[in-house]
Amino acid sequence: MPTIKLFNTWTRKAEAFKSITEGEVGIYTCGPTVYHNAHIGNMRAFIFADVLRRTFDYAGYKVNHVMNITDVGHLTDDGDLGEDKMLVAMRREGLNAWDIAKKYTEVFFEHAAKLNIRKPDHVPCATDHIKEQIDMVQKLEEKGFTYKTSDGVYFDTSKIDDYGYLARLDIDGLQAGERVDMGEKKNLTDFALWKFSPKDAQRDMEWDSPWGVGFPGWHIECSAMSARYLGEHFDIHTGGIDHIPVHHTNEIAQSECAHGKKFVNYWMHVAFLNLKDGAKMSKSSGKFLTVDAFEDEGISPLAYRYLCLTTHYRMGMDFDWDSLKAAATGHRRLCERVQKLADGQSLDSVELSKAALAHKAKIDEALFDDLNTAKALGQVFTMLDADDVSGLEKAKLASLVDSIFCIDILSYAPPKADVPAEVQAMLEARNAARKDRDFAKADQLRDEITALGFVIEDTAQGSVVKRG
RNA sequence: GGCGGGGUGGCGAAGAGGUCUAACGCUGCGGUUUGCAAAACCGUCAUUCACGGGUUCGAAUCCCGUCUCCGCCUCCA
């Protein structure tokens, strides 16, 4: 088994990965909230998690990847104020909470599929695991980590001394910030484990509990479901960097207190994708891009996956259309180049020479060095330029890396343009003119076609029209 | 105020003490090809790594200081 180095937020260092069970790895990924579309920033995080799990597959591990679906509405504010985001969505779309969750869960997986994100082995919904969550809160209550207020059951963070270690939280500094409404909380960092339904209204999503009708707090689902599917102690937990100070900090607190043992060995966090003009990519701001926007522009979602691969996952990434288009060009050329080398032949039986294996070693080294996909991609291009390996070996090597990259190197075909009959007729007229060597007329027709937003490519097999 | 990530060619982005006169991709430029283009292919494009000091035989990489950009700390991946 090769050594895989991963940057662990817990130690703030890259460490050689060692699994709890030899040859196996358990990964938990904080999944999407399904009261709205996942935007491309969210998708960057899921592409990262996908690359992580596929890297372990590639290295020969037996992977158990779990990702939750947060389908319970939580508050827009950590205090008592704020609206339930699910309620906001319901009002926006005139659907009940269950239908909102169902709708956006489906859209999420459609988008993920377009990005070649493999569905994790388990994708549990919070609402299907209410019992596990209640059990866990009860356990915490029995051990004396909780207290009740008029609006819910809270975790008392003053009961543990290393609270906030993951985030290197400076509790006094937080106090100074004073940005969170204390409500009836005893400590600023205390958080809800169970919230009561409002007395005067019925929620679409609410459940009975030993403490009263209500719904789970927003951290408990990950603790309860990770324990259910991966055990109380598992290998890797992933999420966005925004989760470090609050969500993951609280998961650690409640999981370790409930189970009395270490929760997670490696914490991995993806940096944010930002919009270049400074606009924030967030669901609540209402304005954000989804995978659909790429397709509307005639750009393959895989070009976005490629773009994400060209930057290290721990680096902030500014999104702008120019870099996406550059990525689309690079992606397309890479695929066409390799496909030409493969020449439609089966690569299964291709034996790799010593030189080819040396190239593979370099690519793997980058991949196993904290998922340095950018460097690995560079190595792929260097390999393609090398003159010590055959074309089929190159294609084979590229296809092997593609089990992680998943940018369809061997099968990608640019989206076909819908060529209107009018343009098709103009193309034929141009071909006729060229045949007659009436180049003035042919060029004029080409200009007209160009003006309509199409590009003509004259190949040996004839002329084709593509969207410009 | 607290925590964190950056500033490398026109753009994106690797590199984290010597193999760096700095990978790779995009763009540009020159060429091959083409009726001319486009596409493709070949070649080419930073003696320099925000700035100022320092450590070292040696620094883009380490240390100190300065400037500067960005993110999180409030639901967010």
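Letters A, B, ... mirror the listed sequences (proteins, then strands); counts begin at 1.
In the interface, the side chain of D443(A) is paired with the base of G35(B) through a donor and an acceptor atom under 3.5 Å apart. Looking at N372(A), its side chain has no donor and acceptor atom pair within 3.5 Å of the base of A14(B).
Closest to the side chain of R333(A), from the set A14(B), C41(B), C72(B), is C41(B). Nearest to the side-chain atoms of V455(A) among the listed nucleotides A38(B), G25(B), G4(B) stands A38(B). Of the candidates G6(B), C76(B), A38(B), C76(B) carries the atom nearest the W218(A) side chain, counting heavy atoms from C-beta on. In this structure, the nucleotide among A14(B), C76(B), C73(B) sitting nearest to the side chain of M315(A) is A14(B). Looking at the side chain of F381(A), the nearest of the listed nucleotides G25(B), A77(B), U27(B) is G25(B). For H39(A), the listed nucleotide lying nearest its side chain is C76(B); candidates were C76(B), A14(B), G35(B). Of the listed nucleotides (A39(B), A14(B), A77(B)), A14(B) has the atom at the smallest distance from the side chain of T311(A). Of the candidates G4(B), G71(B), G25(B), G4(B) carries the atom nearest the R12(A) side chain, counting heavy atoms from C-beta on. Taking only side-chain atoms of N274(A), from C-beta outward, the nucleotide of C76(B), C70(B), A39(B) with the closest atom is C70(B). Closest to the side chain of R437(A), from the set G35(B), A77(B), A39(B), is G35(B).
Using a 4.0 Å heavy-atom cutoff across all strands shown, H331(A) reaches no nucleic acid atom at all. No contact: H269(A) has no heavy atom under 4.0 Å from any strand. Using a 4.0 Å heavy-atom criterion, one finds that K325(A) contacts no nucleic acid atom at all. Counting any heavy atom pair closer than 4.0 Å across all strands shown, Y306(A) reaches sugar-phosphate atoms only and no base atom. At the heavy-atom level, R446(A) lies under 4.0 Å from base atoms of the strands shown.
In a base pair of the Watson-Crick type (N1 to N3 plus N6-O4 or O6-N4) or a G-U wobble (N1-O2 and O6-N3), with each distance short of 3.5 Å, G25(B) is matched with C11(B). Base-pair partner of U61(B): not found among the strands shown (Watson-Crick or G-U wobble, both distances under 3.5 Å). Of all nucleotides present, only G31(B) satisfies the Watson-Crick or G-U wobble test against C41(B), with each distance under 3.5 Å. Searching all strands for a Watson-Crick or G-U wobble partner of G71(B) with both distances below 3.5 Å returns C3(B). Nucleotide U66(B) forms a Watson-Crick or G-U wobble pair with A50(B), both donor-acceptor distances falling under 3.5 Å. Across all strands shown, G17(B) remains unpaired; no Watson-Crick or G-U wobble contact has both distances below 3.5 Å.
Between G28(B) and C70(B), the distance separating the two C1' atoms is 29 Å to the nearest Å. Rounded to the nearest Å, the gap between the P atom of G1(B) and that of C62(B) is 26 Å. Using atom C1' as the reference point in both C69(B) and U33(B), the two lie 45 Å apart (nearest Å). With both ends at atom P, the span from A13(B) to U8(B) equals 9 Å, rounded to whole Å. Across U19(B) and C64(B), the matching C1' atoms stand 30 Å from one another, rounded to whole Å. Spacing of C1' atoms, A14(B) relative to U56(B), comes out at 26 Å, to the nearest Å. Separating the P atom of G4(B) from that of G43(B) is a span of 46 Å, rounded to the nearest Å. A gap of 38 Å separates the C1' atoms of A40(B) and G6(B), to the nearest Å.
Rounded to an integer number of Å, the gap from I456(A) CD1 to C36(B) C1' is 13 Å. With rounding to whole Å, Q379(A) atom CD is found 11 Å from G15(B) atom C1'. Rounded to whole angstrom, the span from the CG atom of L115(A) across to the C1' atom of A77(B) amounts to 14 Å. One atom, CG of L309(A), and another, P of A14(B), lie 12 Å apart when rounded to the nearest Å. When the C1' atom of A37(B) is taken as reference, atom CZ of F439(A) falls 12 Å away, rounded to whole Å. Rounded to whole Å, the distance from CG on D438(A) to P on C36(B) is 16 Å. Atoms CZ (R44(A)) and P (C76(B)) sit 18 Å apart, rounded to a whole Å. The nearest whole Å value for the distance from the CZ atom in F108(A) to the C1' atom in C76(B) is 14 Å.
Side-chain atoms of L289(A) and H39(A), non-hydrogen and from C-beta on, never get closer than 4.5 Å to each other. The closest side-chain heavy-atom distance from Y104(A) to E93(A) is below 4.5 Å. Within the 4.5 Å cutoff, side-chain heavy atoms of R430(A) are placed close to those of D458(A).
Regarding contacts with the backbone of C36(B), every side-chain N or O of R434(A) stays at 4.0 angstrom or more from both OP1 and OP2.
By the 4.0 Å N-to-carboxylate-O rule, D436(A) lies too far from K441(A) to be salt-bridged with it.
Put simply, the side chain of R168(A) gets close to the backbone of Y165(A): a donor and an acceptor are under 3.5 Å apart. Under the 3.5 Å distance criterion, the side-chain polar atoms of D369(A) are left unmatched by any main-chain donor or acceptor of N372(A). At least one donor-acceptor pair under 3.5 Å links the side chain of Y304(A) to the backbone N or O of I40(A). In this structure a side-chain-to-backbone donor-acceptor pair under 3.5 Å is present from R44(A) to F272(A).
Taking for each of D458(A) and A326(A) the nucleotide of RNA chain B with the nearest heavy atom, the 5'-most of the two is the partner of A326(A). Residue Y313(A) is the one, among Y313(A) and V270(A), whose nearest nucleotide of RNA chain B lies closer to the 5' end (criterion: closest heavy atom).
Taking the 5.5 Å centre cut-off and the 30° plane limit, the aromatic side chain of F272(A) is classed as stacked on A77(B).
Annotation for E336(A): atom CD counts as buried by contact number, over 12 foreign heavy atoms lying within 6.0 Å.
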